[in-house]
There are 2 protein chains.
Amino acid sequence: MPSMSNTTVFQQQARDRLTDRGARITRARCAVLAALLAADRPLSHHDLEQQLEDLCDRVTLYRVLAWLVDENLAHRVSGEDRVWRFNADHPSDHRYGHGHAHFHCNGCGAVFCMDAKARVPAVPDGFQLEAAELILRGLCRECS
Amino acid sequence: MPSMSNTTVFQQQARDRLTDRGARITRARCAVLAALLAADRPLSHHDLEQQLEDLCDRVTLYRVLAWLVDENLAHRVSGEDRVWRFNADHPSDHRYGHGHAHFHCNGCGAVFCMDAKARVPAVPDGFQLEAAELILRGLCRECS
DNA sequence: GGTTACATGCCACCCAGTTGCATTTGCGGC
DNA sequence: GCCGCAAATGCAACTGGGTGGCATGTAACC
């Protein structure tokens, strides 16, 4: 990736993902997916709203995010602060495995993806386990 | 506990806890704490509101719950549905250890406490780990 | 270029939780 | 038993994340 700006790289990646899906290429989808791909941690609706300025409506942003999750292009992390954060799924480079742990910073509220995975325990009879999620809490680099 | 109804037992337990703390005994606190003690799983604000009918105001309920958490008489579980659920802490019988796993039912949304505990992994340099939480998802007995 | 189904913008709304403030109430002291 | 006061409660209005409905705009196929 020579003189191409990072932004453009992610924009292109985003477009490629969308065309792979046979989905409609729209400004909002490209921008949101590119932002998620570029981010090193899950972004909240609020984060994205700021980053994208008024590229699209608040509601559209919600809908695009929901759509991305639906299409398995992103996944949703629910935080202690009752806001959802979104991560682009990286199928090519599996930076983090599926069901990887999330670190929630008690200081700034940010969420980070970790390599660690949840070890799946046994559950009582009658319960059907489908997924396990490991949540870590503490202070991130900035807040320590 | 002979002819004493369960309700009364928990009411008494609740009163005892409050007096231990040297805290003021109020109708709302007794009722809420008793309800939590009697429950076999974390209760949401909504659950409690229904159960207590109009024993107290919506806001008071929020305040009592916050106070109980503050006093370490209860703890809070955050669910996927963005509502908080509350569990009485059982210090005498440690039914569940601290930091025990929670099972979230994808069917009815209920949350259950489990014996299993999170295994604490290593975190990257600069991060300070304070707590680990294990979330299990699937179907509960009723929903399977 | 024209058509059409899908995406978007705008509106008003819902729901969980909070804040401010006036009123009530538990409880220790008389 | 009664008083006084701090603590708890009730009420009303508010906040903030998220949703639903519907008219308009637009990507993609022809």
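Since this is a predicted model, take the numbers as computed values, not measurements. Below, chains carry the letters A, B, ... as their sequence lines are ordered, and counting in each starts from 1.
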Val83(A) and His46(A): CA distance, side-chain angles, deciding distance, side chain to side chain contact (heavy atoms under 4.5 Å, CB included) verdict = CA-CA 9 Å; Val83(A) 308; His46(A) 193 70; over 6 Å; no
Can you check the [X] [atom1] to [N] [atom2] distance for me, whole Å?
X	N	atom1	atom2	answer
Arg85(A)	dG17(D)	CZ	C1'	12 Å
Asp57(A)	dG21(D)	CG	C1'	14 Å
Leu18(B)	dA8(D)	CG	P	11 Å
Glu80(B)	dG18(D)	CD	C1'	14 Å
Arg15(B)	dG26(C)	CZ	C1'	11 Å
Leu55(B)	dG10(D)	CG	P	8 Å
Glu49(A)	dT8(C)	CD	C1'	15 Å
Arg29(A)	dC6(C)	CZ	P	11 Å

task = Could you tell me whether the phosphate oxygens of dT9(D), OP1 or OP2, come under 4.0 Å of any side-chain nitrogen or oxygen in Thr26(B)?
result =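 Answer is yes, contact under 4.0 Å.
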task = Look at the rings of Phe127(A) and Phe112(B) and say which category their plane angle falls in: under 30° parallel, 30 to 60° tilted, over 60° perpendicular.
result = perpendicular
task = Would you confirm whether Arg82(B), through its side chain, and Arg82(A), through its main-chain N or O, come within 3.5 Å as a donor-acceptor pair?
result =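 At least one qualifying donor-acceptor pair exists.
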query = Can you check side chain to side chain contact (heavy atoms under 4.5 Å, CB included) on Leu134(A) and Met114(A), steps first, answer last?
reply = CA-CA 10 Å; Leu134(A) 185 57; Met114(A) 300 268 136; over 6 Å; no
query = What residue among Asp54(A), Leu61(A), Val59(A) forms side-chain contact (heavy atoms from CB on, under 4.5 Å) with Asp57(A)?
reply = Val59(A)
task = May I ask you to list the residues of residues 58-70 of chain A, by number, that have any heavy atom positioned under 4.0 Å from an atom of DNA chain D?
result =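 Within this stretch, Arg58(A), Val59(A), Tyr62(A), Arg63(A) sit under 4.0 Å of the strand.
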query = Starting at the 5' end of DNA chain D and moving along, which residue's nearest nucleotide shows up first, His45(A) or Asp54(B)?
reply = Asp54(B)
key: Pair Asp47(A)-Ser44(A), side-chain donor/acceptor within less than 3.5 Å   =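 Yes, Ser44(A) and Asp47(A) have a side-chain donor paired with an acceptor closer than 3.5 Å.
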request  = Flag yes if more than 12 heavy atoms outside Glu53(B) fall under 6.0 Å of its CD atom; otherwise flag no.
outcome  = no
request  = Kindly check if the number of other-residue, nucleotide or ligand heavy atoms within 6.0 Å of CZ (Arg15(A)) is above 12?
outcome  = no
Would you tabulate the pairs of protein nitrogen or oxygen atoms and nucleotide nitrogen or oxygen atoms of nucleotides 24-26 of chain D closer than 3.5 angstrom?
| residue | atom | partner | partner atom | Å |
| --- | --- | --- | --- | --- |
| dT26(D) | O2 | Arg24(A) | NH2 | 3.0 |

task = Report the distance from atom CD of Gln12(A) to atom SG of Cys30(A), rounding to the nearest 0.5 Å.
result =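 The distance works out to 9.0 Å.
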Residue closer to the 5' end of DNA chain C, Cys56(A) versus Arg27(B) (nearest nucleotide) =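 Result of the comparison: Cys56(A).
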